[in-house]
Structure formats: C-alpha cells, structure tokens
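The structure appears below as structure tokens.
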Amino acid sequence: VQLQASGGGLVQAGGSLRLSCAVSGPFLSSHVMGWFRQAPGKEREFVGVISWSRGTTYYSDSANGRFAISRDNAKNTVYLQMSRLKPEDTAVYYCEAARVRAVRTPMTTFGRRSAYDYWGQGTQVTVSS
C-alpha cells in the first residue's frame, strides 16, 4: 500500500483546511486509514482513523468535534477536514494504513502507531495566531 498526503498550507486560527491522502494498493477494503501528526520536537500523535470498508471513524480527544475523516472509494482517497484550527494544530500531517487482522478489532486499537503497516510522506500544516 502506498500513501501520499497533500493539501497542507498556512491558515489563520479559526480557519479550515482539507487534507487529502491518495492511496494505492491491493485489498484496501481490509485496511483502515489513519491520520497522525508530528509537531517539532514532539512525537507523532494520533488524530483519527476511518475504516475503508465501513466508514467507521474514531478520533483523538483533540480532534473530536473539529476534524472529520471521510473517504471516496472510487477515487481511492481519504480526507481530513479540519475546522476551527488552533496554533497548536501546527504539525506535519501523515496518513497511514493498517491491515485489519481480525473482523471485530475495535477502532480504538488504531489509536496507536504500532498498529500501522504503511505510511507516506507528510504535508505541513501551519496555523497562525
């Protein structure tokens, strides 16, 4: 599976931005797609995840209510719609993919980087105050 994130840029606090992740590879329906971010000097942190087949989502506390993940199966693209952005959202954003190894794996499992098998280049998001 290959992933390429795009759509980052500079936005003012309170604004919105939509990131895209182009995905290619076999058996995508058996994967989940996660978004992570990494600010300078900090570890990469979980933002949210979506099931490719069912569209089920799960978000971090900081993203819940402000960010929304969706996917377009026909375009093999996953989106991260970010609204009410804050300066602390400034980071490089990455999309990652994980194979779902068991049918009833809870979505909370994919809140950890260790659950992921593939990742791509990130896209920079800068939120000015």
Side-chain angles (χ1 to χ4, degrees):
V1 176
Q2 294 183 321
L3 307 102
Q4 180 63 55
S6 62
L10 175 64
V11 62
Q12 289 188 334
S16 299
L17 199 63
R18 189 178 80 162
L19 305 183
S20 299
C21 177
V23 187
S24 61
F27 311 117
L28 294 181
S29 61
S30 61
H31 288 73
V32 298
M33 302 297 165
W35 285 96
F36 286 77
R37 67 186 183 185
Q38 188 166 18
K42 295 188 177 181
E43 292 190 357
R44 195 173 298 190
E45 66 171 358
F46 171 72
V47 175
V49 59
I50 187 167
S51 165
W52 189 267
S53 59
R54 298 184 177 185
T56 309
T57 55
Y58 168 63
Y59 299 96
S60 67
D61 289 343
S62 62
N64 201 22
R66 297 190 301 127
F67 295 0
I69 299 176
S70 61
R71 86 267 191 249
D72 185 328
N73 291 25
K75 294 182 178 180
N76 279 8
T77 302
V78 178
Y79 303 99
L80 176 64
Q81 178 68 50
M82 304 184 291
S83 59
R84 290 183 281 142
L85 283 161
K86 306 174 183 180
E88 50 263 44
D89 294 317
T90 295
V92 177
Y93 284 70
Y94 299 86
C95 56
E96 305 194 4
R99 285 184 293 122
V100 180
R101 291 167 170 81
V103 173
R104 295 180 180 175
T105 302
M107 290 295 280
T108 52
T109 299
F110 301 106
R112 302 188 300 270
R113 278 215 71 207
S114 59
Y116 289 81
D117 304 289
Y118 310 97
W119 52 90
Q121 298 288 337
T123 185
Q124 175 72 48
V125 172
T126 303
V127 184
S128 63
S129 57

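None of these values were measured; they are calculated from a predicted model.
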Least distance between heavy atoms, Arg71 atom then Asn73 atom: CG-OD1, 3.0 Å
Connected via hydrophobic side-chain network under 4.5 Å: Val1 and Trp35: yes
Heavy-atom closest contact (Gly7 atom, Thr123 atom, distance): N-OG1, 3.9 Å
Gap between atom OG1 of Thr56 and atom CD1 of Ile69 - 0.5 Å precision: 12.0 Å
Shared hydrophobic cluster, Val78 / Tyr94 (ILVMFWY, side-chain heavy atoms < 4.5 Å): no
Enclosure of Arg101 CZ (heavy-atom neighbours >12, cutoff 6.0 Å): yes
Hydrophobic cluster identity match, Leu80 and Phe36, side-chain contacts under 4.5 Å: no
side-chain contact (heavy atoms from CB on, under 4.5 Å) evaluation trace for Glu96 with Arg44: CA-CA 12 Å; Glu96 305 194 4; Arg44 195 173 298 190; 3.0 Å; yes
Short side-chain to backbone donor-acceptor contact, Ser83 and Ser16, under 3.5 Å: no
Centroid separation Phe46 to Tyr116 less than 6.0 Å: no
Inter-residue atom distance Gln4.CD - Cys95.SG, 0.5 Å rounding: 7.5 Å
Gap between atom CZ of Arg66 and atom OG of Ser60 - 0.5 Å precision: 8.5 Å
Rounded distance (nearest 0.5 Å) linking atom CZ of Arg104 with atom OG1 of Thr109: 14.0 Å
Whether His31 and Tyr118 hold their rings parallel, tilted or perpendicular, with breakpoints at 30° and 60°: tilted
Shared hydrophobic cluster, Val127 / Tyr93 (ILVMFWY, side-chain heavy atoms < 4.5 Å): yes
CA sep, side-chain torsions, deciding dist, call: Phe110, Val100, side-chain contact (heavy atoms from CB on, under 4.5 Å): CA-CA 9 Å; Phe110 301 106; Val100 180; 4.1 Å; yes
Steps toward side-chain contact (heavy atoms from CB on, under 4.5 Å) verdict (Gln124, Thr90): CA-CA 8 Å; Gln124 175 72 48; Thr90 295; 4.0 Å; yes
Asp89 side chain to Lys86 backbone, donor-acceptor under 3.5 Å: yes
Stacked cation flag Arg18 on Tyr79, 6.0 angstrom / 45 deg: yes
Any donor-acceptor pair under 3.5 Å from Arg84 side chain to Gly65 backbone: yes
Heavy-atom closest contact (Ser129 atom, Pro87 atom, distance): CB-CG, 3.8 Å
Least distance between heavy atoms, Leu17 atom then Gly9 atom: CD2-N, 3.9 Å
Criterion side-chain contact (heavy atoms from CB on, under 4.5 Å) on Phe67 and Leu85, from CA distance to verdict: CA-CA 9 Å; Phe67 295 0; Leu85 283 161; 4.0 Å; yes
Side chains of Arg113 and Trp119 in contact at under 4.5 Å (non-hydrogen atoms): yes
Gln2, CD atom: more than 12 neighbouring heavy atoms under 6.0 Å: no
Neighbour count above 12 (heavy atom, 6.0 Å) for Gln121 CD: no
Same cluster (ILVMFWY, side-chain, under 4.5 Å), Leu3 and Ile50: yes
